[in-house]
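One structure is given below, encoded as structure tokens.
Naming: A, B, ... by sequence-line order, numbering from 1 per chain.
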2 protein chains.
Amino acid sequence: MKKYEIIVTDLEQKIFKDIYKENDLLPSENELAKQYASSRATVRQALKILEENGLIQRRHGYGSIVISHEKLLFPISGLTSFKELQTSLGFQSKTEVTIFGEITINQELSALTGFPLNSEAYHILRRRQIDGKFTVLDRDFLRKDFAGNLTKEIAQDSIYAYLENTLNLDIAYAQKEITIDFVSEEDLELLDLTPQDRHIVSVKSHVYLADNTPFQYTESRHQVDKFRFTEIARRQKR
Amino acid sequence: MKKYEIIVTDLEQKIFKDIYKENDLLPSENELAKQYASSRATVRQALKILEENGLIQRRHGYGSIVISHEKLLFPISGLTSFKELQTSLGFQSKTEVTIFGEITINQELSALTGFPLNSEAYHILRRRQIDGKFTVLDRDFLRKDFAGNLTKEIAQDSIYAYLENTLNLDIAYAQKEITIDFVSEEDLELLDLTPQDRHIVSVKSHVYLADNTPFQYTESRHQVDKFRFTEIARRQKR
DNA sequence: CAGTGGTCTAGACCACCAA
DNA sequence: TGGTGGTCTAGACCACTGA
């Protein structure tokens, strides 16, 4: 474990255990450097992470204030997968793999996914049940040359866990887009929608590996009243 | 201008001018440190910002890759106000101030906004026109003890510009939430909705100052088919 | 004013990557 | 293996906040 990670973890725990309470000041950077027997730069690296995670707010010439952390629920932001969400929130839920196929990328799919023309990809359609009702429909395209031997069983569990832990693929970032679409035939067929539902929330993601190759394209369609997205936004000074 | 800002700006321009093209490698950190006559730490601070802004992707042991920047349109993320968006995107648009009033924060409003009970606040309702149609409805609550003498004229222009540039208020971060609501009576009355529209996108923001005081609460209601939200999400390793 | 966080330097060693 | 980015140090000066 790296030194700055140790500091982050320790401060996180102290915040969650209310040793440092909401609106408290953390010890100064010099003080923390002494406490952790580190340089100030290392402490600052740790504080930067706490700030990005929305746990503290730093103030020039004053100190680092602890932010209310009760409000920090349910960040769909940050590339979190369904399985992770589900376990961390303790939902009653199930995943059904509707389609598990392979496909050659044609012109249209290449434009959509960013994959090379004529490359081979998995095409997976899954629907996810929350509290007994199918509320989310996920369509995934994954490049076969990277995703190795994906199976239906893995798709039923967590694809991300498999890619990152088993294949050691380095997933770096995603370009996400949220829009509201009209309900499609397919949505009606596969999700438990009420007849009055005309709209659906669509979250499209292009997922890239560390070396910048487009690796996955996902469209996730959520029943409108089950969707919620939260994030901490910091004002960009520059 | 700080040294790392100079480096960021310079590299940004070189990327936008295609001197460094998509999928190119930037010069190494040591090389850049030489070029800008700075330390490596300063170069790294600049590269960190470029990475957070989605312009490059850094890779351990390899280098910093330039990411496609054509995809970077319309980030509502990052606390951007309507006026900024409008000017940066060149929309034809207009803002109408429907309500400009003052209000004492009661129990209910205190819970909603986080403002102290019995404090004084501005209550502003604005509707925004894009291409001749009212598509966005903004309801703002701003604490009067911070927002000084706000006027209807300022509200018609940009409140943020006034607060930051004129009052020098230090807006630090916002907790945002996106949900889909049912269309309300008020929405129907003030927005140009079609009779079939049943849903509306609601973006709620709690805005905080640098010293962590809740300062503004905004609910922004967007016509469903005019709403689009994009962001770059990085996978959290920790 | 003393103390805080923000910027910056010049070094060091390590972990990773491609050839 | 040589070059890359990732971590870390020990120091310096500056800009800002509060009393």
_Salt-bridge contact B:K48-A:E52 (side-chain N to carboxylate O under 4.0 Å)_ = yes
*asked:* Can you measure B:Q45 atom CD to C:dG5 atom P for me and round it to whole angstrom units?
replied: 16 Å
*Determine the minimum heavy-atom distance between A:I103 and A:H123, stating which atoms define it.*
CG2-CB, 4.2 Å
*Let me know the distance between CD1 of A:I56 and P of C:dG5, rounded to the nearest Å.*
9 Å
*Could you give the OH-to-C1' distance, from B:Y36 to C:dT7, as a whole number of Å?*
18 Å
*Distance in angstrom units between A:E29 CD and D:dA10 P, rounded*: 16 Å
*Side-chain N or O of B:R59 closer than 4.0 Å to phosphate OP1/OP2 of C:dA18*: yes
*Ignoring hydrogens and angles, does a donor from either the side chain of A:R40 or the base of C:dG6 sit under 3.5 Å from an acceptor on the other?*
yes
*Hey, does B:A37 reach any base, or is it just sugar-phosphate, or nothing, if we go heavy atoms under 4.0 Å?*
sugar-phosphate
*Gap between atoms CG and P, on A:L26 and C:dT4 respectively (whole Å)*: 13 Å
*asked:* Among C:dG5, C:dC8, C:dC17, which nucleotide has an atom closest to any side-chain atom of A:S64?
replied: C:dG5
*What residue among B:H222, B:E219, B:R221 forms side-chain hydrogen bond (donor to acceptor under 3.5 Å, both in side chains) with B:S202?*
B:E219
*Separation of atom CZ in B:R44 from atom C1' in D:dC8, rounded to whole Å*: 11 Å
*Between P of D:dT7 and CD of A:E5, the distance in whole Å*: 8 Å
*Starting at NZ of B:K3 and ending at C1' of D:dC13, how long is that distance when rounded to a whole Å?*
13 Å
_The side chain of B:Y4 is closest to which nucleotide in this list: C:dC8, C:dT9, D:dA10?_
C:dC8
*asked:* Can you tell me how the ring of B:F215 sits relative to the ring of B:F146, calling it parallel under 30°, perpendicular over 60° and tilted otherwise?
replied: perpendicular
*Select base, sugar-phosphate, or nothing to describe what B:A33 touches, counting heavy atoms under 4.0 Å on all strands.*
nothing
*Which comes earlier along DNA chain D counting from the 5' end, the contact point of A:K2 or that of A:G61, where each point is its nearest nucleotide?*
A:K2
_D:dT4, OP1 or OP2 - any side-chain N/O from B:S28 closer than 4.0 Å?_
yes
*asked:* Side chains of B:E120 and B:T104 only: does a donor on one sit below 3.5 Å from an acceptor on the other?
replied: yes
*Along DNA chain D (nearest heavy atom to each residue), the more 5'-positioned of A:S38 and B:H60*: B:H60
